[in-house]
Amino acid sequence: MEKKIFKILGMHCASCARNIEKAVLRLPGAKSAKVNFAAKKLYLEGDVKDGEVIEAVSAVGDYKAFPEKEELKDIEEKEMAQAKKRMITALWFWVPMMSLMMVDMFIRTVPYFFYITLILGLPVIFFVGYNTHKSAFIAAKHFSANMDTLVMLGSLPPYLLSFLQFFFPVTTFVEMAISILTFHLIGRYLEAKARGRASQAIKRLLELGAKKAKIIIDGQEKEIAVEELKVGDVMIVRPGEKIPTDGLVIEGESHVDESMATGESMPVGKKKGDAVIGSTINQQGVLKVQATKIGKETFLSQIIKLVEECQGSRIPIQEFADRVTGYLVPAVILVAIGTFVSWILFPNFHIPIVEFFNLPWLNVAAPVISLAILAAVAVLVIACPCALGLATPTALMVGSGLGAEKGVLLRKGEAIQTMKEVKAIILDKTGTLTKGKPSVTDIVEVGGGLPSAVLQLAASVEQNSEHPLGRAIIDKAKEMDVKLDECQSFEAVIGMGVKGIVNGAEVMVGKPEMVGEAKAEIEEKLKELQEQAKTAMIVAADPIGEQAPYGAGKKIIGIIALADTLKEGAADVINEFEKRGLKTIMLTGDNQKTAEAIARQAGINEVYAQVMPDQKVAAVQRAQQEYGMVAMVGDGINDGPALAAANVGIAIGTGTDVAIESGDIILIRGDISGIITAINLSKATFNKIKQNYFWAWFYNAVAIPAAFLGLLHPVIGAVAMAASSLTVVLNSLRLRKIKI
C-alpha cells in the first residue's frame, strides 16, 4: 500500500480538513486519509492516482492539492505572499473608511458618507474577499460548512442589506462588514506566519543537506550536485565541509560534528572503516568517503520522513476535539439564527441586559431588527473553530521538531500522550543497557608478572582469531599501546580457545579447562569474576620442548576477564527513573546469576532473565498486568514484537539506522538518557496541547453567550476570533523555550 503526502492550500479551519478527508476517503483504493490543518498536508495511504486526489480536493472547496516534491516547497511562501497582498489591499480601503467614520461621528458630517463607504467596500467584499465567499459557497453545495462560511455570513449579507438604505430608512452595516473581513484577513496572515514558524523543523532539516559534492573520477577531482551522486562514488571532504551523503571512510582520519543528527555537541572521531552521516561537518583532516546511501535512503531523508509521519498522526485527545469541531460551525449558524429570532421576539429580555452593562459600542436606541442583526453577526464571527483545529497539530509540530534536534524522534504522535502516563520501563540488556559487545575489564597476573606482559602474550596469539572475545583483547592491546609479537603455529581449539608459539613459548588463551587441574590455584579468583558477570579467560605458557600432554601442567601466567559493560551514564539514568517513581525492569536471555550482576551495577531491582526472543511479548504483558502503562526499550532488531506490544515502544537507533518500524520513539544516539528527554518532551508538549484546548474552549464558551446577549460588537468579535487562533499558535511556539 503506497503512502503519499500532498500539500493542501486554501484551508482556513479544522472543518476544511475534515471535509477534505471525507472527500478523499470516498475515492476507490483510499485506505486512510489524514489532514494536518496546521502543516497544510494530506497524508494518504492506498492505491489512488494523484490526479484523482487533486480533483477530489478541489471539488469540496476552494482548495488546491499538490503532490509534495522538493520543487514545490516554495508554494507555501507564495500563498503567504498572496495572503499578505490581500491583507494590505483590504487595509488600503479600510483605513480611509474608518478615518472618515471618525470624522463623521466626532467632528462634522461627511457629505455622501454612505455612498463613499459603499464604494470603498466594493473591492474589499467582492475582490479581496472573493476566495472566502467562493470557499463558503462550494462548501454549501456539498452540504457542509467551514470557517469561511461564518465569515461570509458575517460580511456579505450585512453589506448587501445596507443597500436597503436607498429605499428605506434602515441602519447600514457597511463599516461593520468591511471591518470583519479586513480583520479576518489580518488574522489569517498573522496565523499563517506563526504557523510557518511552527513548521520550521522540516525546513531546517531540508536546509541542512549539502548542495555540492567533490568526487574522484579517473584520478581527477570533480564537483557535482549532490543529486548526481551514485552509490560507490568516492567523495573528498576537506575540513569545514559537509559530508555530502551517508558513506564509509576509506582513507583519512578526522573528527566529525554530528550534532545535527544526534544532538551530541562533542565531535566524533572517524577513521578508515567508520560510517559517516550525510550533512554532518568534517572538522579536521581530509577524508575520502565512499557513498553508501543516496536520496531518500539517507539518514537525513529518513529523519525528515519520520518527523513528517509524526506530524501527520493524530493523538487520542485530538480525535475527540476534531469530532466536536466538525459540529461547531453548523451549531454556531443555528445559534446565530436563534439569536436573531430571540432578539426579534424577546427584545424586552435582551435590551435591559445591554443597558445594565452600558458598553460604549451598544446603542439600544437603534431599531430592534438592527440590534438583532448585530447580535446574530457577532455570534457568527466570534466563534472560532480555527483555534480548536490548531490546538494539537501546532504543538505536535513544534514538539516533534524540538525532539529531532535533541536526537529523539517521535515516530507516532500518540506517544506524546501515552509516554507521560507510563508507570514502568522495561529495558533490554544487550545493546540497550550494555554496549552490546565484550570488552576487557580485568587483567590479573599470576606468578609475579606484569599485566602488560599477560596482555601482550594473549593479544599476540589472538591477532589471528576472529572470535569476538579475541577481538576485544586486541582492542585492549591497541588502547594500551602494547606491541604484538609474531605468532607461529596458530591453532583454534574448538570450544576451548586458541594456542600458538610466541617468542619460543607455546601460549594458550581460553577457558580455564584448557589447563586441566592447574586451574585449581585460581579457582577463587575465577569464582569472584564469574559472580561479577564476567567471562574469565586464562593465559598459560610453557617453553618449547617442555609441552605436557594437552592442557596438563601448563603454567598459568594470568587471567583476562571480559564483559559486556554498561553504557556510560546508564546507572545515573536508572537512578533518575527511580526518583520519578518509575519502576525499572531489565529483560535478558542471560542466566539469572549473570543478569542479576548486571542489574546490580545498573541499580535495577527487578530482572526478567532467561527470556527467549519469542517470550518477550509475554514479559511485556506480565509487566502491564502488574504496573499498568509500560514502555519497552530495545534495539529494534529482535525486540520488534515486544516494542509493538508495549504501550510505548522506544527503539535504540545506532549510526545511520533510524528506519525502525516497530518503535513509537527512536533514540538516535543509542543513549538511554534520551528516554528522560522523551518523557520531558511528552509532558511539555501535552501540557501545551491541554493549554491550547482550554483557551480555545474557554474563549468559545464565554464569547458565544456574550454575543447572543448582544454584549459584543461584531467588529470586536472579528478581532477576538483572529486573536484566539494566533494565541494558540504562539502558545505552541513557547515550547521551543522549554529545556528538555
Side-chain angles (χ1 to χ4, degrees), residues 258-259 261-266 268 402-410 415-416 418-437 439 441 533 563-588 590 594-609 616 619-620 623 627 629-636 639 642-643 646-655 658 660 663-685 738-740:
E258 294 185 341
S259 58
T262 64
E264 177 59 63
S265 58
M266 292 296 292
V268 180
L402 183 60
E405 291 174 4
K406 301 292 184 182
V408 177
L409 287 179
L410 299 170
I416 284 288
T418 50
M419 188 67 203
K420 66 181 183 57
E421 299 168 358
V422 163
K423 303 300 181 187
I425 299 179
I426 301 176
L427 299 111
D428 182 55
K429 180 180 78 70
T430 306
T432 300
L433 274 173
T434 65
K435 294 176 181 176
K437 61 178 183 179
S439 58
T441 58
D564 182 7
T565 55
L566 280 178
K567 289 181 178 178
E568 293 177 9
D572 294 333
V573 175
I574 301 302
N575 185 47
E576 180 64 25
F577 290 158
E578 295 292 337
K579 285 181 181 177
R580 294 180 180 223
L582 293 168
K583 181 67 180 178
T584 51
I585 304 164
M586 190 180 81
L587 183 68
T588 179
D590 283 345
T594 301
E596 287 175 354
I598 292 290
R600 278 196 302 272
Q601 295 174 30
I604 297 174
N605 296 320
E606 188 164 356
V607 175
Y608 295 172
K616 289 185 176 182
V620 169
Y627 301 109
M629 298 282 275
V630 169
M632 167 71 191
V633 189
D635 59 17
D639 299 318
L643 291 172
N647 300 99
V648 181
I650 303 175
I652 299 290
T654 53
V658 296
I660 303 172
D664 301 314
I665 297 174
I666 299 170
L667 309 181
I668 300 175
R669 264 187 242 174
D671 181 354
I672 63 170
S673 64
I675 302 171
I676 295 173
T677 302
I679 294 171
N680 294 340
L681 181 64
S682 169
K683 289 182 176 179
T685 305
I738 295 174
K739 291 184 179 180
I740 60 168

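The residues of the chain are indexed from 1 along the displayed sequence.
Using a 4.5 Å heavy-atom cutoff, the side chains of L433 and T588 are not in contact. Looking at heavy atoms from C-beta onward, L681 lies in side-chain contact with L402 at the 4.5 angstrom threshold. Between I650 and D664, the closest side-chain pair of non-hydrogen atoms is not below 4.5 Å. Within the 4.5 Å cutoff, side-chain heavy atoms of I676 are placed close to those of R580. Residues I425 and K583 form no side-chain contact, since every pair of their non-hydrogen atoms from C-beta on lies 4.5 Å or further apart.
Residues A651 and L643 come closest through the heavy atom pair CB-CD1, 4.2 Å. Across all non-hydrogen atoms, the minimal contact from K423 to Y627 is CB-O, 3.5 Å. Summarising the geometry of M419 relative to A678, their closest heavy-atom pair is CG-O, 4.2 Å, with the distance given to 0.1 Å. Scanning both residues, S682 and I416, for their nearest heavy atoms gives OG-O, 2.5 Å.
Atom CD1 of I738 and atom NZ of K683 lie 13.0 Å apart (nearest 0.5 Å). Atom NZ in K435 sits 9.0 Å away from atom CG in D564 (nearest 0.5 Å). Annotation: the span from K567 atom NZ to S673 atom OG amounts to 9.5 Å, rounded to 0.5 Å.
M632 pairs with exactly one of T432, L427, L587 by the side-chain contact (heavy atoms from CB on, under 4.5 Å) rule, that one being L587. The side-chain contact (heavy atoms from CB on, under 4.5 Å) with I675 is formed by just one residue from the set I652, V422, L667; it is L667. Just one residue in the list V648, V408, L582, I665 forms a side-chain contact (heavy atoms from CB on, under 4.5 Å) with I679, and that residue is L582.
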Taking only distance into account, with no hydrogens and no angle test, what donor-acceptor pairs under 3.5 Å do side-chain atoms of residues 595-605 form with protein atoms, sequence neighbours excluded?
| residue | atom | partner | partner atom | Å |
| --- | --- | --- | --- | --- |
| E596 | OE2 | Q592 | NE2 | 3.0 |

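In terms of modelled atom types and a separation under 3.5 Å, the side chain of N647 and the main chain of V630 share a donor-acceptor contact.
Side-chain atoms of T584 and E578 form a donor-acceptor pair, as typed in the model, at a separation below 3.5 Å.
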